[in-house]
Number of protein chains: 2
Amino acid sequence: MGRKKVEMKRIENKSSRQVTFSKRRSGLIKKAREISVLCDLQIALVVFSAPGRLNEFCAGDRLYKDSKAVLEQNCCQ
Amino acid sequence: MGRKKVEMKRIENKSSRQVTFSKRRSGLIKKAREISVLCDLQIALVVFSAPGRLNEFCAGDRLYKDSKAVLEQNCCQ
DNA sequence: TCTACTATGTATAAAGA
DNA sequence: TTCTTTATACATAGTAG
């Protein structure tokens, strides 16, 4: 029982990867909502499980129009 | 020392709110990157600290073109 | 504001049902 | 496979420098 330290690489087993995705997705959305409320800001979270395929989307109360422009950039910090 | 349970509402004190934002933002980005690697998917994280004002942006290796279309929607799950 | 510390709250990997 | 449980890893609030 309990857990091991997770290695930061792609999970090869498909079902394990799916389970991890499901768990971490909900955790991530929860965190995003918390920071949105606590810090009074808008946040968008877009997940693609495959090229061009939307999997999840989450935002604050509103989503500002220029978010589109933001995503026209292709940066990764 | 240590910490109390955090109440889920806007932090009124400006500097405390800024500190919390800074800490949680880095945590959120870390989590986003982890799920991106572990589950082999693309993710975008857009934060607006004020209307129309980009504060942070993070994605996976690539960001697909139709992410723009996604953000044209105005939903909040 | 930034770093460091550390007690404590939270997320989650594995396992069981 | 989906829901629980539980041990453990991880995140972070409050504080100090």
Side-chain angles (χ1 to χ4, degrees), chain A residues 1-64 67 70-71 73 75-77, chain B residues 1-63 67 70-71 75-77:
Chain A
M1 275 177 268
R3 55 181 286 197
K4 295 176 185 171
K5 184 178 168 109
V6 177
E7 229 187 322
M8 278 310 298
K9 64 173 187 179
R10 175 190 150 100
I11 297 168
E12 293 304 330
N13 182 277
K14 191 176 178 180
S15 57
S16 297
R17 192 169 67 242
Q18 184 57 42
V19 170
T20 293
F21 172 63
S22 177
K23 287 181 178 180
R24 284 179 174 258
R25 179 189 55 193
S26 58
L28 198 60
I29 291 173
K30 188 181 177 188
K31 290 272 185 189
R33 284 178 178 160
E34 287 181 354
I35 196 173
S36 173
V37 171
L38 292 172
C39 304
D40 192 25
L41 46 82
Q42 307 301 312
I43 189 165
L45 189 60
V46 186
V47 181
F48 296 90
S49 56
R53 196 92 183 129
L54 173 67
N55 193 282
E56 196 70 39
F57 177 66
C58 179
D61 295 332
R62 297 157 299 174
L63 188 62
Y64 298 102
S67 54
V70 170
L71 287 178
Q73 300 172 53
C75 71
C76 177
Q77 182 182 44
Chain B
M1 276 177 267
R3 55 182 286 195
K4 295 176 186 172
K5 185 177 169 112
V6 178
E7 228 186 323
M8 278 310 298
K9 65 174 188 180
R10 176 190 150 101
I11 297 168
E12 294 304 330
N13 182 278
K14 191 177 179 179
S15 57
S16 297
R17 193 168 66 242
Q18 184 58 41
V19 170
T20 294
F21 172 63
S22 178
K23 287 183 175 179
R24 283 179 174 258
R25 178 188 55 192
S26 58
L28 198 59
I29 291 172
K30 188 181 176 188
K31 289 273 186 190
R33 284 176 178 162
E34 287 182 353
I35 196 173
S36 173
V37 171
L38 292 172
C39 305
D40 192 27
L41 46 83
Q42 307 302 312
I43 188 164
L45 189 61
V46 187
V47 181
F48 296 90
S49 57
R53 196 92 182 130
L54 173 68
N55 194 282
E56 196 72 35
F57 177 65
C58 179
D61 296 333
R62 297 158 299 174
L63 188 61
S67 54
V70 169
L71 286 178
C75 70
C76 178
Q77 180 181 44

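Every chain is numbered from 1, with letters handed out A, B, ... down the list of sequences. All heavy atoms count here, side chains included; hydrogens, waters and symmetry mates do not. Since the structure is predicted, the reported quantities are computational estimates derived from the model, not experimental observations.
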Measure from CG on Asn13(A) to C1' on dA14(C) and round the result to the nearest Å. 13 Å
What is the distance, rounded to the nearest whole Å, between atom CD1 of Ile29(A) and atom P of dT10(C)? 19 Å
Find the distance Phe21(A):CZ to dT2(D):P and express it as a whole number of Å. 13 Å
For residues Ser36(A) and Leu41(A), report the shortest heavy-atom separation together with the two atoms involved. OG-O, 2.9 Å
Just to confirm, is there a sub-4.0 Å distance from OP1 or OP2 of dT1(C) to any side-chain nitrogen or oxygen of Gln18(B)? yes
Whole-Å distance between dA13(D) P and Arg17(B) CZ? 14 Å
Pairing residues for Val6(B) by the side chain to side chain contact (heavy atoms under 4.5 Å, CB included) criterion, not counting sequence neighbours: Leu38(A), Arg3(B)
Answer with base, sugar-phosphate or nothing: what part of the nucleic acid does Thr20(A) contact at a heavy-atom distance below 4.0 Å? sugar-phosphate
Are Leu28(A) and Arg24(A) packed together at the side-chain level, in the sense that at least one heavy-atom pair is separated by less than 4.5 angstrom? no
Just the rounded figure in Å: distance from C1' of dT10(C) to CE of Met8(B). 13 Å
Are Lys31(B) and Ile35(B) close enough that some pair of their side-chain heavy atoms sits under 4.5 Å apart? no
State which residues pass side-chain hydrogen bond (donor to acceptor under 3.5 Å, both in side chains) with Ser16(A); sequence neighbours excluded, sorted by chain then number. Asn13(A)
For dA13(C) and Ser16(A) - does any side-chain N or O of the residue sit under 4.0 Å from the phosphate oxygens OP1/OP2? no
Take the C1' atoms of the five end pairs on each side of the helix from dC2(C)-dG17(D) to dA17(C)-dT2(D), derive the two axes, and give their angle rounded to 10 degrees. 30°
Flag if over 12 foreign heavy atoms under 6.0 Å of CD, Glu7(A): no
Residues at least two apart in sequence or cross-chain that pass side chain to side chain contact (heavy atoms under 4.5 Å, CB included) with Arg17(B), listed by chain then number, are Cys39(A), Arg10(B), Ile11(B), Lys14(B)
Distances under 3.5 Å only, N/O to N/O: pair up the protein atoms with those of nucleotides 10-12 of chain D.
| residue | atom | partner | partner atom | Å |
| --- | --- | --- | --- | --- |
| dA11(D) | OP1 | Lys30(B) | NZ | 3.4 |
| dA11(D) | OP2 | Lys30(B) | NZ | 2.8 |
| dA11(D) | O3' | Lys31(A) | NZ | 3.2 |
| dT12(D) | OP1 | Lys31(A) | NZ | 3.3 |
| dT12(D) | O4' | Arg3(B) | NH1 | 3.2 |

Under the side-chain hydrogen bond (donor to acceptor under 3.5 Å, both in side chains) rule, collect the residues that match up with Gln18(A), sequence neighbours excluded. none
